[in-house]
4 protein chains.
Amino acid sequence: MERDETAPALGRNAQQADAPSPATAPGTRRPGGRTARTRAAVRDAVLGGLVELGYPGLSVEYVAERSGIHRTTLYRRWGNLEGLLVDALDLAGEDSWTPPDTGSIEGDLRALARMTAATFTDAAAAAAPTAVIAAAFQSERAADALRAFYEERFARCEVIVARAVARRELDRNPDAGALVRAVVSPLFLKLFITREPVGEQQADQAADMALAAARAGVFDIPPTSAGAV
Amino acid sequence: MERDETAPALGRNAQQADAPSPATAPGTRRPGGRTARTRAAVRDAVLGGLVELGYPGLSVEYVAERSGIHRTTLYRRWGNLEGLLVDALDLAGEDSWTPPDTGSIEGDLRALARMTAATFTDAAAAAAPTAVIAAAFQSERAADALRAFYEERFARCEVIVARAVARRELDRNPDAGALVRAVVSPLFLKLFITREPVGEQQADQAADMALAAARAGVFDIPPTSAGAV
Amino acid sequence: MERDETAPALGRNAQQADAPSPATAPGTRRPGGRTARTRAAVRDAVLGGLVELGYPGLSVEYVAERSGIHRTTLYRRWGNLEGLLVDALDLAGEDSWTPPDTGSIEGDLRALARMTAATFTDAAAAAAPTAVIAAAFQSERAADALRAFYEERFARCEVIVARAVARRELDRNPDAGALVRAVVSPLFLKLFITREPVGEQQADQAADMALAAARAGVFDIPPTSAGAV
Amino acid sequence: MERDETAPALGRNAQQADAPSPATAPGTRRPGGRTARTRAAVRDAVLGGLVELGYPGLSVEYVAERSGIHRTTLYRRWGNLEGLLVDALDLAGEDSWTPPDTGSIEGDLRALARMTAATFTDAAAAAAPTAVIAAAFQSERAADALRAFYEERFARCEVIVARAVARRELDRNPDAGALVRAVVSPLFLKLFITREPVGEQQADQAADMALAAARAGVFDIPPTSAGAV
DNA sequence: TGTTAACCGAGACGGTACGTCGCGTCTTTCT
DNA sequence: AGAAAGACGCGACGTACCGTCTCGGTTAACA
């Protein structure tokens, strides 16, 4: 076994949705000591495996070997590869990331776009998120986790718009979520669909595009109605 | 051979890029008669299988059964599932799709966006392209095919911008490719990353966003320089 | 599991020599219950298959079907057809055969020869040993098993010579192993090399030949020397 | 292609029993020129293949590559591996081997035994005959060819006995065939069944045994009867 | 000396069996 | 008693070789 670092940043250990039986789900009754260490080792192995092999190369077998936890145990607690992945993703989503704060909305959006581009350009950093995106094509639970992850991320970004409004940089009140999605969407398109190179130029253009559209009122929230979701 | 119907919708039957060895690749030397029928049957089966099972559920085994072509033959000619998929995608790319022509750039872009949304909302229509996108995460060849496919599609769309310029709807000369990508990118984001619902409203907003940005000069081609990549 | 009969004629269930890795060889750690039943079912199937199809017709596939044990399991535990055969042969070698005891050496040798001839003339009885002989041409392990089998058989026969010496039928002290080999060798030649018919007449002649040679001193052990191998 | 020597000793080209249709058997109507060259190349390849890989490793595929003759042609003319082997064996049986002539029967028999032992001890020399013996376990035609080969060989050896009788070394008239078989049978037993080492000592003992038995009258031809087979 | 039938080269395919990998379940064994 | 680890069922993979079919191109034998 090559990995021994005991996952320091394990933290809160969010509740996950274990399949087998809701009452007796293994790992829920006695979450201390060995149980916790097991989970940590497994998460490390999953994330590490994603970096090394990517999602298509990942297997329960591999996680078992790398984590030192027996295959049967993995199946008992996580059900299958999907479960392992989702659990590991939970962890990833629990970081304390905050959107950039440069003083201007243009700066913030550009920084956000550049961060996104940089993340997915760096092989090591991109491995895990890319893997989850790939997994979402094959697993409903992974898709759910992915959606939740980005929803939360985009929500965190809304402060950018709020600050801009407060600063009077924007005389409108655009849908912050739509704006943020607009910023990153061209990057994701190039990264995962058309597989074109993505650099700072593309990032800046994406940010500028979103801002221009916002200024033109494209993202304005229809003033009417209340409950309209 | 039980199948004899000669693949009506086969189109041009273009040259394919067989990997193994350019000299001895099966299916290249004697591309007539049975060979052609085999290919057609296999393509049908692949596309059909994608619609029925999606990419993760597709297997060489299944294609063999559905097409009536023996497993061994599939491996000989296409190597693996990847090859089957790429070949089938070649076919898909060879249709005579043309971008909408509504008379105004706003109409064209909105129509384009709505078409895209509709395609990926209709389960049957979405199956094949979705599968290829999924496959691209696992296969370099699929990724190449995917890139080529969209590059060609986007190129076909450039006429929309050209027409707008000719009509004097645009007083600028934006990068048509960037503009078109901007139109579809929010849709792809919602479809494949955040897995949010995509309807006409989202389509229109995407089109409007791209157009607003274009009008603001975001996609303008830098007039200077030649080699600037 | 459909088979449950607990392999009555299993005998001692001897230690087998699993090749792959002595530590992790499947079937060694938990040799009870299902594992034992599996082995018994497989042995039955191998022996039965030999009788039905002979060695050239035998396949792992067939053993799997006949035994009700999955192909993969066979590969895991026995590696290949060779291993299956060797294991089954172990069983065959563990019977309680004893050489004939007629009261005279001539009678004993003739009986031995006739038994040999009869064994290989009866299709059902001959199937297994013939198969192993055939297999020995293709497999080192089968050859080893074969050698061990006959070595042990010939050793059991040495008592014939000992009794003859005790009865003073022989005034010499011939190499019992050589004598016994001499008895059966013409039969094996006709059976497997020249493929000539073998009956009681041939058996008796072989026995007589060996006895005559023994009486002439051909098999006498050189009285000298120690280390002469 | 590495082999080019055009099989000088091709000789008589015995009639073979081709399966398909006795009238149109390929290779019979136009047996000259290319046809003959093809046959020679194939025979070389078969024999060479046996030496290199042994029977179990031999395949039609291999013969095709090694001989430079296309697989289809091989199937057309020889039907299958069996046919290839039988044809090659025909060639081997057509040499001008003659039994040793040392001046005494003891010398002759010992020389014969030693020759046999030497042949099967030398790896290169043993390959072909061993392969045929192995093949005979799997193919009726190979078994036939094998029987015919040894029958002819043993017949050639009968002159040894005739000379001995003429020299008055033997005062009996033993069945020459039985005697010769007796000489070689212990060697074949050790070579192919018990897989024990075979050297000059064993050879001499085998010859002595046969001679002693002959002198004791074991091989005497029963003076009575005619039709006794 | 043509010509024609025979032979050969070549490509593609159906088919059987092989040996392997990974998944997920069951069951023996050990604590 | 209950989990850990071993053994298994199962589906699919990719490969090797077999034997067949169908072309088309040479070439040996005979008119």
For D:Leu47, is there any backbone N or O sitting under 3.5 Å from a side-chain donor or acceptor partner on D:Asp44? no

Is there a donor-acceptor pair closer than 3.5 Å between any side-chain N or O of D:Thr73 and the backbone N or O of D:Ile69? no

Taking atom types as they are modelled, would you say the side chain of C:Arg34 forms a donor-acceptor pair with the base of F:dG9 within the 3.5 Å cutoff? no

Nearest-Å distance, NE2 (A:His70) to C1' (E:dC30)? 14 Å

Length of the line joining A:Leu81:CG and E:dC23:C1', which is rounded to integer Å: 10 Å

Whole Å only: how far is the CD1 atom of D:Ile69 from the C1' atom of E:dA10? 13 Å

C:Tyr75 side chain near E:dT20 phosphate (N/O to OP1/OP2, under 4.0 Å): no

The correct set of residues in residues 45-64 of chain C placing a heavy atom under 4.0 Å from DNA chain E is C:Ser59, C:Val60, C:Glu61

Separation of B:Trp78 atom CH2 from F:dT15 atom P, in whole Å? 16 Å

Could a donor-acceptor pair under 3.5 angstrom be found where the side chain of D:Thr72 meets the base of E:dG11? yes

How long is the span from the CG atom in A:Leu81 to the OH atom in A:Tyr75, to the nearest 0.5 Å? 8.0 Å

Do A:Arg71 side-chain and E:dG22 base share a donor-acceptor contact under 3.5 Å? no

Specify the separation, in whole Å, of atom CG of C:Leu74 and atom C1' of F:dG9. 12 Å

Without decimals, in angstroms, what is the distance between B:Leu84 CG and F:dG14 P? 10 Å

Expected output: side-chain C:Ser139 to main-chain C:Ala135 donor-acceptor under 3.5 Å: no

Between D:Arg77 and E:dC8, is there a contact of a side-chain N or O with OP1 or OP2 at under 4.0 Å? yes

Electrostatic pair C:Arg71-C:Glu65, nearest N-O below 4.0 angstrom: no

Will you find, in the side chains of D:Tyr55 and C:Gln138, an N or O donor that is under 3.5 Å from an N or O acceptor? no

Note: B:Asp87-B:Arg39 ion pair, threshold 4.0 Å (strictly below): yes

Could you tell me the separation between the CZ atom of C:Arg76 and the C1' atom of F:dG11, rounded to a whole number of Å? 12 Å

Could you state the CD-P distance from C:Glu65 to E:dC18, rounded to the nearest angstrom? 11 Å

